[in-house]
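Chain A is the first sequence line, chain B the second, and so forth, proteins listed ahead of strands; every chain is numbered from 1. What you are looking at is a predicted structure, and each value in this text was computed from that prediction instead of being measured. Hydrogens, waters and symmetry mates are skipped; everything else that's a heavy atom, side chains included, is used.
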There are 2 protein chains.
Amino acid sequence: MSTLPDSLEKLHGEAWCDVHPVHEDAVHAALMGRASDAHLAHLADTFQMLASPTRLRIVEALRRQELCVCDLSAVVGVSQSAVSHHLRQMRQMRIVRWRKDGRMAYYRLDDEHVAQLFGTGLEHVRE
Amino acid sequence: MSTLPDSLEKLHGEAWCDVHPVHEDAVHAALMGRASDAHLAHLADTFQMLASPTRLRIVEALRRQELCVCDLSAVVGVSQSAVSHHLRQMRQMRIVRWRKDGRMAYYRLDDEHVAQLFGTGLEHVRE
DNA sequence: TGAACATATGAGCAGATGTTCAGATATCAA
DNA sequence: TTGATATCTGAACATCTGCTCATATGTTCA
């Protein structure tokens, strides 16, 4: 097998299989300016939060205005418990923010990026 | 329990639980201009393709230029088989395109939307 | 033709995910 | 306080996911 580029050896510690890159220049270029593992893992978790029709309905509903859990349950058409579970995850992944007002909890999108991801994705799908 | 809005009755067929919307106006507003179930399911599947660090590394690598499976395997650091499995899914969900050239298969991002989703997501995560 | 190579694919398994159910917490009103 | 309401949370379950292994397909070259 041919020698792997140094950056690859450093990257993965050792040859992980007998596959070797065919276009070493292209591989080197692709290795430049990579996001950190932590950022990439976080990004994957973020997209995971958008990878469910139920949660996308929640995002869609929150694009216009903030809503309470009960309203979201009605709009999305799943149980209040299920919505609450989803919202906690979405909160943790910074897809939504919330505020408590008495016994109600009002949710809204975390920032403009979330609405933008939803919009861009929908454009892509509708083509 | 209070009566549910007509649009909700139509939407879900019948009262699905004893939860009722607290803000009927807000619920009605949220129900306007919703994407179709088919589009939303497709959108969820699209985000699902971006919900894995391995596949995100593939997208990241393909932002600059097209690469063959072998190169991608090297850049991403997983087996050729795993990359190939991912690429088939990503092809089906229109995240990537491919072209065959001899025994090689070259992959690139399907369109600008994909790069945009990656970029926006990374911005969001890096804040 | 046969060997080497690049990629695709099916089966199978460990781990993650989405929902429901039951019950906890907290607030409001009488 | 008591009861009703709004939300949160843990456990449990069936389903889905991502990887590996083994193998198949198709191409190039000698």
A.B. asks: Within the structure provided, determine whether A/E60 and A/R55 are in side-chain contact (heavy-atom separation under 4.5 Å).
C.D. replies: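 No, their side chains stay 4.5 Å or more apart.
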A.B. asks: Quick check, does A/H85 stack with C/dT19? I mean ring centres under 5.5 Å and planes off by under 30°.
C.D. replies: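 According to the criterion (under 5.5 Å, under 30°), no, A/H85 does not stack.
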A.B. asks: Which whole-number value in Å describes the distance from B/L56 CG to D/dT17 P?
C.D. replies: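 Interatomic distance, CG of B/L56 to P of D/dT17: 16 Å.
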A.B. asks: Please determine, for the side chain of B/R55, which listed nucleotide (D/dT7, C/dA4, D/dG18) has the closest atom?
C.D. replies: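 Closest of the options to the side chain of B/R55: D/dG18.
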A.B. asks: Quick one: on DNA chain C, does B/S84 or A/D101 contact a more 5' nucleotide (nearest heavy atom)?
C.D. replies: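 It is B/S84, whose closest nucleotide lies nearer the 5' terminus.
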A.B. asks: If you look at every strand shown and take non-hydrogen atoms under 4.0 Å, does B/Y107 touch a base, only sugar-phosphate, or nothing?
C.D. replies: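 Sugar-phosphate, no base atom in range.
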A.B. asks: Aromatic ring centroids of A/Y106 and B/H23 under 6.0 Å?
C.D. replies: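 Yes - the distance between ring centres of A/Y106 and B/H23 falls below the 6.0 Å cut-off.
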A.B. asks: Describe, as an angle rounded to 10 degrees, how the axis at the first end of the helix from C/dT1-D/dA30 to C/dA30-D/dT1 is tilted relative to the axis at the last end, five pairs per end.
C.D. replies: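 Between the axes fitted at each end of the helix from C/dT1-D/dA30 to C/dA30-D/dT1 lies an angle of 20°.
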A.B. asks: I want to verify a distance call: between C/dT17, D/dG10, D/dC8, whose nearest atom is closest to the A/R88 side chain?
C.D. replies: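 Looking only at side-chain atoms, A/R88 lies closest to D/dG10.
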A.B. asks: Taking the minimum atom-to-atom distance to the side chain of B/R103, which one of D/dT9, C/dA8, D/dT27 wins?
C.D. replies: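 Of the options given, the side chain of B/R103 lies nearest D/dT27.
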A.B. asks: Quick one: label B/A105 by what it contacts on the DNA or RNA (base, sugar-phosphate, nothing), any heavy atom closer than 4.0 Å.
C.D. replies: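 The answer is sugar-phosphate, as B/A105 gets under 4.0 Å only of primed atoms, P, OP1 or OP2.
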A.B. asks: Is it the case that D/dC21 (base atoms only) and B/S81 (side chain only) share a donor and an acceptor within less than 3.5 Å, ignoring hydrogens and angles?
C.D. replies: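 Pair found.
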A.B. asks: Could you give me the CA-CA distance, side-chain angles and deciding distance for B/W98 and B/R91, then say whether side chain to side chain contact (heavy atoms under 4.5 Å, CB included) is met?
C.D. replies: CA-CA 8 Å; B/W98 69 335; B/R91 230 160 54 209; 3.5 Å; yes
A.B. asks: Indicate yes or no: at least one non-hydrogen side-chain atom of B/P53 is less than 4.5 angstrom from one of B/R57.
C.D. replies: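 They are not in contact (no side-chain heavy atoms under 4.5 Å apart), so the answer is no.
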A.B. asks: Classify the side chain of B/Q80 versus the base of C/dA6 as yes if they form a donor-acceptor pair under 3.5 Å and no if they do not.
C.D. replies: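 Per atom types, no contact qualifies.
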